[in-house]
Structures are given as structure tokens and as C-alpha cells.
Amino acid sequence: MHTAAYVETLDREGALLAAATEAAGCDAEVPACPGWRVRDLLRHTGRVHRWATAFVAEGHAGPRPGVRPPDLDGAPLVAWFREGHGRLVETLAGAAPDVRCWHFLPAPSPLDFWARRQAHETTVHRLDAESAAGGGYTGIGVDFAVDGIDELLCGFHARQKSAVRTAESRTLRVRATDAPDAVWTVRLSPQPPVTERNDAGDADCELSGPAAELYPALWNRRPFPEVTGDTSLAALWRERSAVT
């Protein structure tokens with residue numbers, strides 16, 4: 001995907017998140033985030049949006065903490081979220097392609113990283129808000145879902161922070177059944193996972209299904225569509241894969 005496509009997705013997903021918040025109400029529980037109400041979800045996402053905006057707009061060369069969200073609730077909180085989301089979209093859409101700033105996963109450019117990361121961040125939390133509202137989920141495109149799976153497996157879980165580890169070498173396979181070549185082989189060990197975009201060799205466990213169902217499942221927002229082989233590896237993912 002290109003940067004412009006990520007920004008377009010971010011724009012749409014933020015609007016959907018705000019709408020789901022209004023439908024659910026700020027006091028509704030967020031099923032995938034124990035202990036959180038929708039107000040916590042909106043404060044978190046709005047804070048992340050402002051944090052990301054600052055890197056691109058101000059060119060910060062290293063990590064920096066985000067600002068504390070204001071003590072707002074109800075309609076004022078939704079308005080605060082919409083304002084920050086709109087500013088993020090405008091900043092990414094108007095930034096120079098060669099803008100230089102800090103980013104924390106490999107990417108073709110800092111701008112591409114922030115557009116991609118915020119599109120997926122917002123989509124996952126939009127799913128959270130829709131689950132709190134108790135209605136159906138807005139669909140996710142196959143290509144975007146595949147891209148999100150790739151970011152999670154090849155980006156986040158390639159870092160030293162990943163806790164998805166096994167005492168002995170094991171192999172987990174992830175397969176999107178509705179996208180050509182959308183298959184990942186995740187090699188588990190006492191070290192951080194090593195993921196390759198292929199289906200080489202045997203796997204101890206395979207997680208499979210349509211990309212739009214696998215994507216939220218791997219973010220622990222929904223059940224896995226299908227699990228074959230050693231189900232303990234699927235359980236390990238559930239227990240250890242939270243991104244910090």
C-alpha cells in the first residue's frame with residue numbers, strides 16, 4: 001500500500017471510531033480491553049494521534065512521551081478526539097515525502113511508517129469501539145488486513161520486546177485463505193520470533209481464515225477463524241502477544 005492509501009484509511013477509520021463511540025456511550029465497557037470504558041479508549045487513541053502528529057510535524061529525531069489527555073467526557077471528549085484525528089490526517093497528507101523523524105519499525109520512509117502505523121492503530125481501536133456499541137463490525141479490505149498482519153508479525157514481533165517465545169523450537173503458520181501468497185511462517189524459540197513470508201516446511205500449528213478475520217484475531221480482538229495442529233501455540237499467542 002502507498003502512503004496516500006494509508007491516510008485515506010486513517011481518515012475513514014477515525015470517523016468510524018468517533019461514530020461508534022457516540023453509539024456506545026463513553027461509559028460502555030470495551031470487551032477486548034478489560035478494565036477500559038469507551039472514554040479510556042478514546043483518550044488513549046486521541047493521545048496516540050497527537051503523539052504521532054508531533055513527530056511528523058515537528059521532526060523529532062528521537063522518542064518522546066505523549067501528552068496527558070484532558071479530563072473530558074461525553075461530547076467534549078469526542079470533539080477533542082475528532083480535532084486531533086483531523087490534525088493527524090492533515091499533517092500526514094501534507095507532509096513532504098522525505099520528511100525525517102523518529103520511527104520505531106522498519107519502513108520505506110518515516111512518513112510511510114507513521115501513516116501505516118496510525119491507520120492500523122485506529123482500525124484496531126475502531127473495532128474496539130464497535131464491539132462496545134454492540135452492533136456489527138464495519139468491514140476491512142483484504143489488502144489492508146494482509147498488510148496489518150504483516151506489520152504485526154514482521155514488525156512488532158520481530159522486536160526484542162516480543163514475549164511470544166517457546167523453550168524449544170516450534171513453528172507457527174498464519175495463512176489468509178482469500179489472498180494469494182498471504183502466508184507467514186513464524187519460527188518460535190527462546191529468542192524473538194523470526195517470520196518469513198512463505199509456507200516453507202512443516203508447521204506445528206496453523207492459524208487460517210479470511211484476512212479480515214485473521215487480522216483482528218491476531219490482535220486478540222476476535223477468535224481465530226480456524227486452528228489446526230497444536231492448539232497450545234494458538235493459546236500461547238493469546239497469552240503472550242500483547243504489544244507494548
Side-chain angles (χ1 to χ4, degrees), residues 1-23 41-67 69 77-130 137-156 158-159 176 179 182 197 211-212 214-216 218-219 221 243:
M1 294 180 64
H2 298 292
T3 299
Y6 290 127
V7 175
E8 181 180 347
T9 299
L10 168 64
D11 191 17
R12 179 179 66 250
E13 292 293 330
L16 288 170
L17 197 164
T21 293
E22 292 172 327
L41 178 70
L42 209 63
R43 288 169 182 165
H44 165 79
T45 312
R47 179 177 183 269
V48 169
H49 284 174
R50 287 164 169 78
W51 178 72
T53 297
F55 286 107
V56 178
E58 301 168 19
H60 298 289
R64 63 198 301 267
V67 298
L77 176 61
V78 177
W80 173 81
F81 170 80
R82 289 185 189 276
E83 189 276 330
H85 168 250
R87 187 145 44 90
L88 174 61
V89 170
E90 290 175 3
T91 297
L92 293 170
D98 60 351
V99 65
R100 309 306 302 172
C101 62
W102 178 79
H103 55 101
F104 60 87
L105 293 178
S109 70
L111 181 60
D112 188 77
F113 165 80
W114 284 109
R116 182 194 200 193
R117 176 79 292 277
Q118 292 309 301
H120 288 297
E121 173 86 10
T122 307
T123 299
V124 170
H125 289 316
R126 181 266 292 174
L127 292 170
D128 291 335
E130 288 182 342
Y137 291 103
T138 305
I140 299 171
V142 172
D143 289 346
F144 184 71
V146 168
D147 183 77
I149 295 169
D150 202 73
E151 184 202 41
L152 181 61
L153 298 179
C154 300
F156 279 107
R159 302 185 301 170
R197 188 76 175 265
L214 272 178
Y215 171 60
L218 288 163
W219 277 103
R221 263 56 187 188
V243 170

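Counting begins at 1 with the first residue of the sequence.
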Report task. Could you tell me which residues satisfy side chain to side chain donor-acceptor pair (under 3.5 Å) with Arg221, sequence neighbours excluded, listed by chain and number? Result -> Asp128

Query raised in the report: Do the rings of Phe55 and Trp102 sit parallel, tilted or perpendicular, given the 30° and 60° boundaries?
Result: tilted

Query raised in the report: Taking side chain as C-beta onward, heavy atoms only, is Thr21 less than 4.5 Å from Leu41?
Result: no

Query raised in the report: Just wondering, do Arg117 and Phe104 contact through their side chains at under 4.5 Å, heavy atoms?
Result: yes

Requested in this report: Look up atom CD in Glu151 and atom CZ in Phe144, then write down how far apart they are to the nearest 0.5 Å.
Outcome: 8.5 Å

Query raised in the report: Got a sec: does the NE2 of His60 have more than 12 other heavy atoms crowding it under 6.0 Å?
Result: yes

Query - Trace of the side-chain contact (heavy atoms from CB on, under 4.5 Å) decision for His120 with Asp147 - result: CA-CA 9 Å; His120 288 297; Asp147 183 77; 2.8 Å; yes

Query raised in the report: Rounded to the nearest 0.5 Å, how far apart are OG1 of Thr138 and CG of Leu16?
Result: 4.5 Å

Query - Qualifying residues under side chain to side chain contact (heavy atoms under 4.5 Å, CB included), relative to Ala145, sequence neighbours excluded - result: Ile140, Ala211, Tyr215

Query - Qualifying residues under side chain to side chain contact (heavy atoms under 4.5 Å, CB included), relative to Asp143, sequence neighbours excluded - result: none

Query raised in the report: Looking only at atom types and distance, does a side-chain atom of Arg82 sit under 3.5 Å from a main-chain N or O of Ala15, one as donor and one as acceptor?
Result: no

Query raised in the report: Which residues pass the salt bridge (Lys or Arg N to Asp or Glu O under 4.0 Å) test with Arg197, sequence neighbours left out?
Result: Asp150

Query raised in the report: Which pair of non-hydrogen atoms, one from Ala54 and one from Arg64, has the smallest distance, and what is that distance?
Result: CB-NH1, 3.4 Å

Could you list the donor-acceptor pairs under 3.5 angstrom formed by side chains in residues 86-100, with sequence neighbours left out?
unit_1, atom_1, unit_2, atom_2, d
Arg87, NE, Glu83, OE2, 3.1
Thr91, OG1, Arg87, O, 2.8

Requested in this report: Could you tell me the separation between the CG atom of Leu105 and the CZ atom of Arg116, rounded to the nearest 0.5 Å?
Outcome: 8.0 Å

**Report entry** Check: Leu10 and His85 side chains under 4.5 Å, non-hydrogen atoms
**Finding:** yes

Report task. State, with a plain yes or no, whether a side-chain heavy atom of Thr122 is found less than 4.5 Å away from one of His49. Result -> yes

Query raised in the report: About how many Å separate CH2 of Trp219 and CD of Glu121, when rounded to the nearest 0.5 Å?
Result: 7.0 Å

Query raised in the report: Side-chain contact, heavy-atom cut-off 4.5 Å: Pro216 with Tyr137?
Result: no

Query raised in the report: To the nearest 0.5 Å, what is the distance between CG (Leu17) and CG (Leu127)?
Result: 9.0 Å

Report summary line: Taken to the nearest 0.5 Å, the spacing of His103 NE2 from Ser109 OG works out to 7.5 Å

Requested in this report: Give the minimum heavy-atom separation between Gly155 and Arg159, together with the two atoms involved.
Outcome: O-CG, 3.5 Å

Report summary line: Scanning both residues in full, the closest heavy-atom pair of Gly66 with Arg47 reads O-NH2, 3.4 Å

**Report entry** Sequence neighbours excluded - salt bridge (charged side-chain N to carboxylate O under 4.0 Å, His left out) pairs with any residue from residues 6-19
**Finding:** Glu13-Arg126

Query - Residue pair Ala107 / Phe113: nearest heavy atoms and the distance that separates them - result: CB-CB, 3.5 Å

